[in-house]
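Take a look at the structure below.
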2 protein chains.
Amino acid sequence: MATMHDVARLAQVSVSTVSYVLTGARPISQATRAKVLTAMAELDYQPNAMARGLASRRSRILGLLLPMDERGLGATETAFVTGAAAAASAVGYHLVLSPVGGGGDLDGLRRLASQRMFDGVVLMEVQLADERVTALQQAGVPLVLIGRTGDTDGLSYVDIDFAQTVREAVAHLVGLGHRQIVYVNHSAETLASGYGPALRTRDAFVTAMTGHGLEPVMIPAQDSAAGGRAALAAAFARTPDLTAVLAMNETAVFGILGELTARGLAVPDDVSVVSMVTSPQVAELATPALTTMTSPGSAMGRIAIEALVRHLDGAGDERHQQLLPCALEIRGSTAAPRSRHTDGG
Amino acid sequence: MATMHDVARLAQVSVSTVSYVLTGARPISQATRAKVLTAMAELDYQPNAMARGLASRRSRILGLLLPMDERGLGATETAFVTGAAAAASAVGYHLVLSPVGGGGDLDGLRRLASQRMFDGVVLMEVQLADERVTALQQAGVPLVLIGRTGDTDGLSYVDIDFAQTVREAVAHLVGLGHRQIVYVNHSAETLASGYGPALRTRDAFVTAMTGHGLEPVMIPAQDSAAGGRAALAAAFARTPDLTAVLAMNETAVFGILGELTARGLAVPDDVSVVSMVTSPQVAELATPALTTMTSPGSAMGRIAIEALVRHLDGAGDERHQQLLPCALEIRGSTAAPRSRHTDGG
DNA sequence: ATGAAAGCGCTAACAG
DNA sequence: CTGTTAGCGCTTTCAT
């Protein structure tokens, strides 16, 4: 493995000159640059990442901190991760996937942050009140959130615009003529834990429905097909004449569809279904394909990384706060309601 | 940020002593060890990862090289990734997610390998003839594959035992009384590109069916719901009296189910469906839930990382070659066939 | 059982 | 525009 010294010797220049043609941190004449480049090619030289990191105090490694529990990642989160990895790679950074225990080891996080392995960090699955954020801030690590805390003062983040997403979804259903719309959220425990998407969409749903003069009926659901089934049963118990379901639960929505079929109700003729923050791939798995508010996918991860890198390379003090909308994509699961009363259903 | 010097000074010992209590590479008396530990705690000392990496020539970073194309990762691959990340973290390594262009930039790979950023590398989505493998080997990077090449001589890998998986799936269907079983594989292009899982399951299917004295009918399908629909149509054109589908395509299988429903055929009463190498989460999305050959999930990634680390820490020359079975999990999509002829169907 | 010191390979002042 | 040199913070001989 050739070192910078070898290159310098072969090119008959000093090591610093070699370093400077590499970093471009000061002007080099065409002639010397050419000599150096030739020598590099000759020796098949690659700079040593660790040495560079130590000397420059920049590892060019970014951390992607994500809680990895039993369930693994959904399609939406996976898209964030792959988007981030691709973006990091594109700007010459490496991306370390760092599984951090959901709530537990803040100490581990602090330790991580102090090792100076990461130039900066993207934190996923942020809670409304998230100790990890303050821990990271105190450690002085440049930070961008995917999602956001309750108080975003001084923080950089990218998140989904849940308010607008819910508003559009409700508008779509109301526009079709639906009046009895039930909102199926994540579980009660998830809500209690302060999970932002669940709480923000809940509030947005109340606002949207009230704005249309309709009653906001909401049902929690476990993140499973069975949870979706149970939630739909509960929904019918509460609102027997419901004609539309708005699901904020990518997994439960399949149980909802199954239960609907089991009850002899057709989608979308008897009941319309909109799945929020859902990837097209998942939407296509259902029959009929789901009308969704499509999640921003890899763009989310990409934007987070780009903001972080801008923060690292740039002057420094700008904050990046951005909400991304989910786009309404109408597929086969929504239609105008038909009154089941007249059919005797 | 405290350095090792600070700790040494506070503990009134030399830097090397501090280093040795950290690495445990030579015996230290209880007394000095205690002094050092106290000083470390006092200063909240964390070793600098880059400095350590440079001096020891071990970065404690592993690379996970995976092609990231448009579609992103499926549930099965995502499980590999999360399993690998968790395992690496558990043994004190970091895991860098490195998107490498499917076939393209071998040079980029070589460059990566020469930067000495990775102590070792796990390569995913290996093709039967994969230039990346030889490139990495030439670069002298310790390597473990997830999947395997055609010639596995001298290579370490973890892969799915496709032969046994197919054998069991076919045995399950035949045991239920099925005789007309159609195998839906990946697309013809994927097969042509030398994608191991597709090729190995194809061969295994022929062997298994022939062994039962049955004719192996095989249909390719694009990786999409639409692809599954088209494949099923083709299957019925070729084998009108088919009673079971064996799907090696996690995405297409949902299109198969949709098309079956569209044709008025019930699952599993009219047609049984087995989905191969599929995660339970995905299986539960279907109605009825799919009988699957369940993919090893995170175990795959974990085993690959553990083998790699053993190779790095240990003496060195052992090769790790392991095939993991997929377990038959019977859910609602398989049952004994009923003759549709008698129903006029 | 401990210390001193020579690097690891590079960056970035400082000096022309 | 180029060279010299002092570190970056740690590991690891070589001494004792």
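Chain letters run A, B, ... following the sequence lines, proteins first and then strands; every chain starts at 1.
Between the C1' atom of dG9(C) and the CZ atom of R57(A) lies a distance of 14 Å, rounded to the nearest Å. The separation between L22(A) atom CG and dG9(C) atom C1' is 12 Å, rounded to whole Å. L43(B) places its CG atom 15 Å from the C1' atom of dG9(D), with the value rounded to the nearest Å. Taking atom NE2 of residue H5(B) and atom C1' of nucleotide dG3(C), one finds them 12 Å apart after rounding to whole Å. At whole-Å resolution of the value, CE in M4(A) and C1' in dT4(D) are 15 Å apart. Taking atom CD of residue Q46(A) and atom C1' of nucleotide dC10(C), one finds them 14 Å apart after rounding to whole Å. The CG atom of L54(B) sits 4 Å away from the C1' atom of dC8(C) (whole-angstrom rounding). Rounded to whole Å, atom P of dG9(D) lies 17 Å from atom CG of N48(A).
Considering all non-hydrogen atoms of both residues, A84(B) and L64(B) come closest at CB-CD2, 4.4 Å.
Counting distance only, with no hydrogens placed and no angle test, the side-chain atoms of R26(B) and the base atoms of dT2(C) include a donor-acceptor pair under 3.5 Å. Y20(A) contributes a side-chain N or O that forms a donor-acceptor pair with the base of dA12(C) under 3.5 Å.
Taking the six-membered ring for Trp and the full ring otherwise, the centers of F118(B) and H94(A) sit less than 6.0 Å from each other.
Within the structure, a side-chain polar atom (N or O) of Y45(A) is placed less than 4.0 Å from OP1 or OP2 of dC10(C). At dT2(D), one or more side-chain N or O atoms of T32(A) fall inside 4.0 Å of OP1 or OP2 (strictly under the cut-off). Of the side-chain N and O atoms in R52(A), one or more sit less than 4.0 angstrom from OP1 or OP2 of dT11(C). The phosphate of dC10(D) has neither OP1 nor OP2 within less than 4.0 Å of any side-chain N or O from S19(B). In this model, the phosphate group of dA5(C) is not approached by any side-chain N or O of S16(B) to a distance below 4.0 Å at OP1 or OP2. Phosphate contact (OP1/OP2 of dG9(C), side-chain N/O of T3(A), threshold under 4.0 Å): absent.
Nucleic acid contact for V18(A): none, since no nucleic acid atom lies under 4.0 Å from a heavy atom of the residue. Counting non-hydrogen atoms under 4.0 angstrom, I28(B) reaches the backbone sugars and phosphates but no base.
T152(A) places no side-chain N or O within 3.5 Å of a backbone atom of L155(A) that could act as its donor or acceptor partner. Between the side chain of D161(A) and the backbone N or O of L324(A), no donor-acceptor pair lies under 3.5 Å.
When the nearest nucleotides of DNA chain C are assigned to S56(B) and S29(B) by heavy-atom distance, the more 5′-ward of the two goes with S29(B).
No hydrogens or angles considered: nothing links the side chains of S193(A) and T190(A) as a donor-acceptor pair under 3.5 Å.
Side-chain atoms of P27(B) lie closest to dA1(C) of the nucleotides dT11(D), dA1(C), dG9(D). Listed nucleotides: dA1(C), dT13(D), dT4(D). Nearest to the side chain of S14(A): dT4(D).
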- Item | side chain to side chain donor-acceptor pair (under 3.5 Å) assessment of S19(A) paired with S16(A) | CA-CA 5 Å; S19(A) 174; S16(A) 61; over 6 Å; no

